[in-house]
Structures are given as structure tokens and as C-alpha cells.
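Just the heavy atoms: all of them, side chains too, but no hydrogens, waters or symmetry mates, feed the values below. Proteins come first, then strands; the chains are lettered A, B, ... in the order of their sequence lines, and each starts at number 1.
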Amino acid sequence: MGDNLGTIHTPAAASGADVRLENFEGPLDLLLYLIRRDDLDIYDIPIAQITREYLSYLNVIKDLNLETAGDFLVMASTLMLIKAQMLLPSPEGEEAEGPDPRAELVSKLLEYQRYKEAAALLAAYNEKAKDVYYRQAPLPFAQEDFALSASVFDLIGAFQRILEEAPKDVEQILRDEIPLEVKIRWVLDLLAEKESIAFEDLFTAGTRRLERVVTFLALLELIRLKQITARQADVFGPIRLYRAEGFPLKSEEGSLKPHGR
Amino acid sequence: MDANDIKKILEALLFITEQPVPLKTLETLFDPPVPREDLLGILHSLAREYAERGSALEASEIAGGWQFSTRPEFAPWIRQLFKDRLTYRLSSSAMETLSIVAYKQPITRSEIEEIRGVEVTAVLDTLVERKLVRIAGRKETVGRPLLYATTLDFLRAFGLKRLEDLPSVESLTPPGAPAPSEALPAETLSSDIQN
């Protein structure tokens with residue numbers, strides 16, 4: 001199966017691009033991200049606020065046709081249900097308040113957060129152990145990690161602002177197709193000239209919504225293939241894109257394949 | 001047979017093995033038997049000898065056994081030699097999935113998905129393919145789903161002598177959060193380190 005941590009099927013057009021990004025974190029991760037970003041109390045989540053924030057991210061995720069969008073939709077309905085339950089008066093006759101409708105979500109978030117921490121811990125262990133080799137042992141972690149330093153949610157948040165500026169496409173009547181490969185090549189060529197570019201600068205050329213979506217997908221794909229990295233100086237700060245050192249930046253066909261084993 | 005002979009034999013065994021050899025296994029090779037404590041003492045003195053000599057090799061206790069490894073400073077040369085066999089490091093979603101398997105094994109795919117809130121089929125396949133996770137059997141429930149557990153290679157890749165070396169889930173609980181309802185039963189873990 002090769003390196004299948006994230007596969008993008010690339011039908012030439014973006015309008016129906018079916019994107020699978022298994023590296024993509026899920027709805028719980030998005031909620032934790034929003035809670036941290038807005039400095040919210042996990043035990044007393046302002047459900048109206050977080051639902052609003054969540055839905056605005058969801059809009060972008062849906063635009064991207066990410067395969068995981070379904071998981072995000074389920075969480076959206078959970079959030080809206082909790083919101084509704086909190087608006088309803090407690091059942092008549094009941095003096096004491098019923099259980100907090102948020103309780104189940106909170107305990108899920110806490111459990112998930114624990115395993116995120118465990119994952120960070122394992123990564124630290126691996127950092128210490130990665131240079132120790134044993135006879136015949138697989139070499140699973142030999143290459144430097146060019147995964148995101150800016151999280152996917154940082155990228156989506158930045159992209160969301162860019163989408164807002166874009167005029168709505170005339171309802172896809174002008175459905176000319178923009179191949180993902182072309183955009184990938186374009187981004188690579190840009191980065192061949194300079195060492196880094198601001199995230200926003202990628203989107204000044206194409207003004208149409210669809211074109212911006214394709215550019216963003218190209219970006220995600222290049223990050224996945226470890227050809228470029230997305231970094232930010234501060235947490236939640238502006239994002240810059242860098243070309244990944246040590247990897248040949250060729251834009252010819254075939255060079256975009258990740259190294260197999 | 002004096003301790004020096006035994007040390008040489010152990011040196012040969014640790015050099016040639018592809019998997020860490022458990023002390024238990026080493027014990028069975030000697031007739032008349034050598035007490036386990038003596039073997040352990042000799043292993044440690046062998047390790048010390050290599051360290052003092054400034055060797056490129058290390059006799060290490062890892063993943064439930066003993067085996068030679070190369071010292072970290074030689075990693076760049078080894079990577080150079082095995083260039084074509086390199087693979088990428090794991091993504092954060094793979095690490096999260098792996099940590100859930102490590103702590104909650106044996107565990108089914110849907111139980112992992114319940115915690116992560118996303119589908120993990122492909123990520124699990126990758127972990128199995130990279131021999132960090134193995135199929136440990138089936139759960140005796142409806143549909144008899146597959147159970148997943150970590151492997152010996154997992155321990156080795158993360159520098160763990162045994163699974164119990166992982167800190168308890170409680171210690172990972174963020175400050176202020178209530179303690180998790182279920183603790184990690186140590187015995188279920190120790191029985192699972194065999195590949």
C-alpha cells in the first residue's frame with residue numbers, strides 16, 4: 001500500500017475533487033483548537049460561541065470536499081442539539097437541574113486530549129530513540145519530519161478569511177476546470193524563485209472562489225508530500241510557506257510521488 | 001565455564017540476533033544452568049565494557065530483551081547506507097492512533113474511532129504495515145471485530161524496555177481535569193509485548 005498516510009485522488013477538476021487527507025485532524029481536534037485559541041474553559045464551554053466558530057470552519061471544510069467532512073457534520077449536529085437543550089427550560093416540576101447537556105462532550109474532549117498528550121509523549125520518546133539502529137529492524141522514522149508546524153486548522157482559518165474576500169462564483173456556470181496538478185506546479189515554481197512566501201500572497205493571482213479552493217488543495221497536497229512546510233512565528237500568528245530543504249524541487253511529472261520504501 | 005566465557009557467548013548472541021533476546025531465553029541456552037542474576041550481571045558488565053571501550057555498538061536492554069544497537073552518532077551513516085529503505089515519520093493522526101492502541105490494547109478499530117472522532121482504517125493499515133501495530137485477535141462481540149495491539153518493533157522504535165515504561169494515563173491528565181475513570185491494568189499490558 002506504500003505510504004498511504006493521506007492520499008489525494010486528483011480528478012483534474014477541483015469542482016468535484018474528492019480529497020482524502022487522513023492526516024487531517026477530526027472534529028474533536030477542531031473543538032480543542034478553538035477552545036485553546038479563544039482561551040475558553042473546557043468545563044464551561046460557551047456553546048453558542050463555539051458552535052458559531054465551529055460552523056464557520058465547517059463551511060470551509062465542506063468547500064474542500066474533504067472526505068472527513070462527514071465526521072465534522074455529525075459533530076455540528078451534536079453541538080446544535082446541545083445548544084437547543086440548553087435553551088429549553090428544564091422539565092416542568094423538576095426543581096433540580098438535569099444533567100448538563102455538555103457533560104458527554106466534555107468528557108470526550110478530555111479523553112481525546114489525554115491521548116493527544118500521549119501522542120506528544122511518544123513523539124518525544126521517538127526523538128530520543130530514532131538514531132539507535134538494530135540489526136534488521138525496520139527503519140520507520142529515518143527522514144526528517146516536514147509535517148505541519150502550522151496546524152491544518154491554522155491553515156483553514158487563514159484560508160477562510162481569504163475565501164470571504166472572494167466573490168461568489170456565478171453558481172458554477174463558468175465551470176471551467178482548474179487541474180490540481182497545474183496549481184501544484186505553479187506553487188512549486190513560485191517557491192523555486194524565493195525561499196518563502198506569505199500564505200496570503202498565494203491567493204492574489206486567482207480571484208475566483210474555485211481557483212482559491214484549488215490553490216489551497218494544492219498547498220495541502222504539497223505539505224502532505226513534504227515538499228513545502230507551513231510555519232508561523234507565533235501560535236495563531238500569520239503563516240508563511242517554505243520549501244522543504246533536502247527535497248528536490250522539481251515540477252516534472254512523477255517527482256511529486258512520495259518516496260516509497 | 002567461567003564468567004568470561006559466558007560473556008563471549010552472550011556477546012555473540014546479542015550480535016547475531018535480529019530480535020531482542022529475553023533473559024528467559026538466554027537462560028535456557030546454558031547447561032549446566034547459569035542463574036538469571038548472574039546472567040544479568042554479566043550482560044551489564046558486557047554493556048559497560050563496550051561503553052568504556054568507546055565502541056560504535058551498544059549492548060542494550062530494549063523491548064523485553066537484549067540486543068546490540070549502533071550508537072546514535074552513527075545514525076547519519078546508517079541512513080546513507082539504507083537510503084532506499086527510508087520512510088517518512090508518522091503523521092500526528094498516526095501518532096494519536098498509535099498512542100490509543102498502546103494504552104488501550106487490545107482495542108478494536110471502532111473503539112479507537114470513538115475516542116478520536118474520525119475514521120482510522122487507513123491509518124491503522126499503515127501502522128500494521130510498518131509493524132508498529134499487529135492484529136491481536138478478535139473481540140468476542142457482534143461481528144467479531146479485529147483487535148489491535150502494539151508490537152516489539154513499537155517498543156524498539158520508541159526506546160521502551162517494556163510497555164509498563166509508558167507513564168500512566170492518569171499522569172497525562174491535564175491539570176485541573178478529573179482523574180480518568182479507568183486506570184491501566186499493568187498485567188494486561190505486560191502479557192502483550194511479544195510480537
**Prompt:** Which bit of B:Phe74 is near chain A, if near means a heavy-atom gap under 4.5 Å: side chain, backbone, both or neither?
**Reply:** neither
**Electrostatic pair B:Arg162:B:Glu164 at N-O distance under 4.0 angstrom** = no
**Prompt:** At a heavy-atom separation under 4.5 Å, does B:Glu114 approach chain A through its side chain, its backbone, both, or neither?
**Reply:** both
**Request:** Name the member of A:Val106, A:Asp29, A:Leu28, A:Asp131 that forms the most heavy-atom pairs with chain B at distances under 4.5 Å.
**Result:** A:Asp131
**Message:** Any carboxylate oxygen within less than 4.0 angstrom of a Lys/Arg side-chain nitrogen, looking at B:Lys104 and B:Glu111?
**Reply:** no
**Request:** Using the ring of A:Tyr134 (Phe, Tyr or Trp, six-membered ring only), decide whether B:Arg156 places NZ or CZ under 6.0 Å from its centre and within 45 degrees of its axis.
**Result:** yes
**Message:** Less than 4.5 Å to any heavy atom of chain B: does that hold for the side chain of A:Leu121, its backbone, both, or neither?
**Reply:** side chain
**Part of B:Leu57 within contact of chain A (heavy atom distance under 4.5 Å)** = neither
**Asked** Nearest 0.5 Å, what's the CZ-CD distance between B:Phe15 and B:Gln67?
**Response** 11.5 Å
**Message:** Taking B:Lys7 first and then B:Glu11, would you say they form a salt bridge - that is, a charged N and a carboxylate O separated by under 4.0 Å?
**Reply:** no
**Message:** Ring centroids only, cut at 6.0 angstrom: are A:Tyr57 and A:Phe72 within range, meaning strictly under it?
**Reply:** no
**Item:** Largest heavy-atom contact set with chain B, pairs under 4.5 Å, which of A:Lys116, A:Met75, A:Lys128
**Value:** A:Lys116
**Message:** Using heavy-atom distances under 4.5 Å, tell me whether B:Thr97 contacts chain A through its side chain, its backbone, both, or neither.
**Reply:** neither
**Message:** Between B:Ser60, B:Gly117, B:Pro76, who has the most heavy-atom pairs with chain A when the cutoff is under 4.5 Å?
**Reply:** B:Gly117
